[in-house]
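Contents: one structure, followed by commentary.
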Amino acid sequence: MPEGHVTHRAARLHTKRFGKKSVNVSSPQGRFSDSAQKVDGSVVEKIEARGKHIFYWFSTGEAVHIHLGLFGKFRLSKSPFPEPSENARVLIWTDDHEMQLTGPNTCELLVPTEIEKVLSKLGPDPIAEGMNGLERFQTAVSKRKIPVGRALMDQKVAAGLGNVFRSELLFLTGINPHTASNELPEDQVDQLWRTIVDALKSAERSGKIVTITPEDAGDTPRSKLERNESLYTYHRDGRGCRRCGTLIQMNKIDSRNIWWCPNCQPAR
DNA sequence: GTGTCATGCGTAT
DNA sequence: TACGCCTGACACG
């Protein structure tokens, strides 16, 4: 379930288990077998995330580039390991720990120049760069004449945002998704980036997207909220806004659904 | 069992 | 704008 917080969290957790360790690599499903053989038995030098991309750097000087897409999933387990799924594209394991990857959009072994090419297509990463990414975000937003709801899905604008975050972040900042990106006032753009950084960092730590503020969460601690109580707009069309009770609206931008509260996020 | 949907994205038309 | 790709969960009959 992949937005940017998932990849950074995976990089952090996988590093604990595999960083600086010599690992076994295979491809039960078969489609990564040739590449798996090349790095099998070598050392994982580091595991990095940028936006929705993850890079497993090996002592061979190459890196496995993974993009989870819509369906990709990592599963970590401790010895004794479960039977690997027949769909496991990649299996990485030591004596104690195993990582299983299924359903990725991309899983390929690349050399550094190829990795550079992947990175060059990405805008500022809110988790990796924090507020240092603000200037690049401002520039990207001000150049686009498209609705901001669409701009936020462009990985060159902000690397790591997906369909849950775009609706939720626009709610948190009171911005209507159909507002032209380049017409947003500067202070709103700043506030938007600050909100993006906070939300993604928080989701990276908890492993969950919880955007609702303590004031709106009522008596329940935010960590105890069910998934359908943690968000303001995502998948809540036809239900009352958690702030004002107005019915949440939905439509499609680029064939992806987007949700907003017409009262809390008025059209300009 | 079949159909639908999902936190993505590249390429063709 | 449409389609292909990747998988799994759930509703329905």
- So which nucleotide from B:dG8, B:dC9, C:dG8 ends up closest to the side chain of A:T102? C:dG8
- Message: Just the rounded figure in Å: distance from C1' of B:dA6 to CG of A:D237.
- Response: 14 Å
- Task: Would you indicate, yes or no, if B:dC9 has its OP1 or OP2 atom less than 4.0 angstrom from a side-chain nitrogen or oxygen of A:H67?
- Result: yes
- Item | Residue-phosphate contact under 4.0 Å: A:N87 side-chain N/O, C:dG8 OP1/OP2 | yes
- Phosphate-side-chain proximity, A:K73 and C:dG8, N/O vs OP1/OP2 below 4.0 Å: no
- In whole angstrom, give me the gap between the C1' atoms of C:dT1 and B:dT7. 23 Å
- State whether A:R256 places a side-chain N or O below 4.0 Å from either non-bridging phosphate oxygen (OP1 or OP2) of B:dA6. no
- Message: Does A:N105 reach a base, just sugar-phosphate, or nothing at all? Heavy atoms under 4.0 Å.
- Response: base
- Separation of A:L231 atom CG from B:dT7 atom P, in whole Å? 12 Å
- Note on the structure: Ranking B:dA6, B:dC9, C:dG8 by distance to the side chain of A:R75, first place goes to C:dG8
- Item | Ring-on-base stacking C:dC6 with A:F71 (under 5.5 Å, under 30°) | no
- Query: So what does A:Q29 hit on the nucleic acid, given a heavy-atom distance under 4.0 Å: a base, only sugar-phosphate, or nothing?
  - Reply: sugar-phosphate
- Rounded to whole angstrom, note down the P distance from B:dG1 over to C:dC6. 23 Å
Could you list the donor-acceptor pairs under 3.5 angstrom formed between side-chain atoms of residues 184-200 of chain A and any protein atom two or more places apart in sequence or on another chain?
residue : atom : partner : partner atom : Å
A:D190  : OD1  : A:Q138  : NE2          : 2.8
A:W193  : NE1  : A:G130  : O            : 3.0
A:T195  : OG1  : A:Q191  : O            : 2.6

- Query: For the pair made of CE in A:M250 and P in B:dC5, what is the distance, rounded to whole Å?
  - Reply: 11 Å
- Message: Under 3.5 Å, is there a donor on one side chain and an acceptor on the other for A:R17 and A:T94?
- Response: no
- Message: Out of the candidates A:H67, A:H65, A:H14, only one should pair with A:F55 under the ring-ring contact (aromatic ring centres under 6.0 Å, His included) rule; please name it.
- Response: A:H65
- Task: Respond yes when some side-chain nitrogen or oxygen of A:H235 is under 4.0 Å from OP1 or OP2 of B:dT7, and no when none is.
- Result: yes
- Task: Classify the nucleic acid contact of A:R166 as base, sugar-phosphate or nothing, counting any heavy atom under 4.0 Å across all strands shown.
- Result: nothing
- Which whole number of Å gives the distance between the C1' atom of B:dG10 and that of C:dG8? 23 Å
- Note on the structure: Which of A:N251, A:L170, A:I146 passes side-chain contact (heavy atoms from CB on, under 4.5 Å) with A:H178? It is A:N251
- Euclidean distance, atom NZ of residue A:K252 to atom C1' of C:dA2 [Å, nearest integer]: 14 Å
- A:H5 side-chain proximity, nearest of B:dC9, C:dC6, B:dT7: B:dT7
- A:S79 versus A:E98, side-chain donor and acceptor atoms under 3.5 Å: no
- Message: How many whole angstroms separate atom CZ of A:R50 from atom C1' of B:dG8?
- Response: 20 Å
- Query: Mind checking the C1' distance from B:dC9 to C:dA9? Whole angstroms is fine.
  - Reply: 22 Å
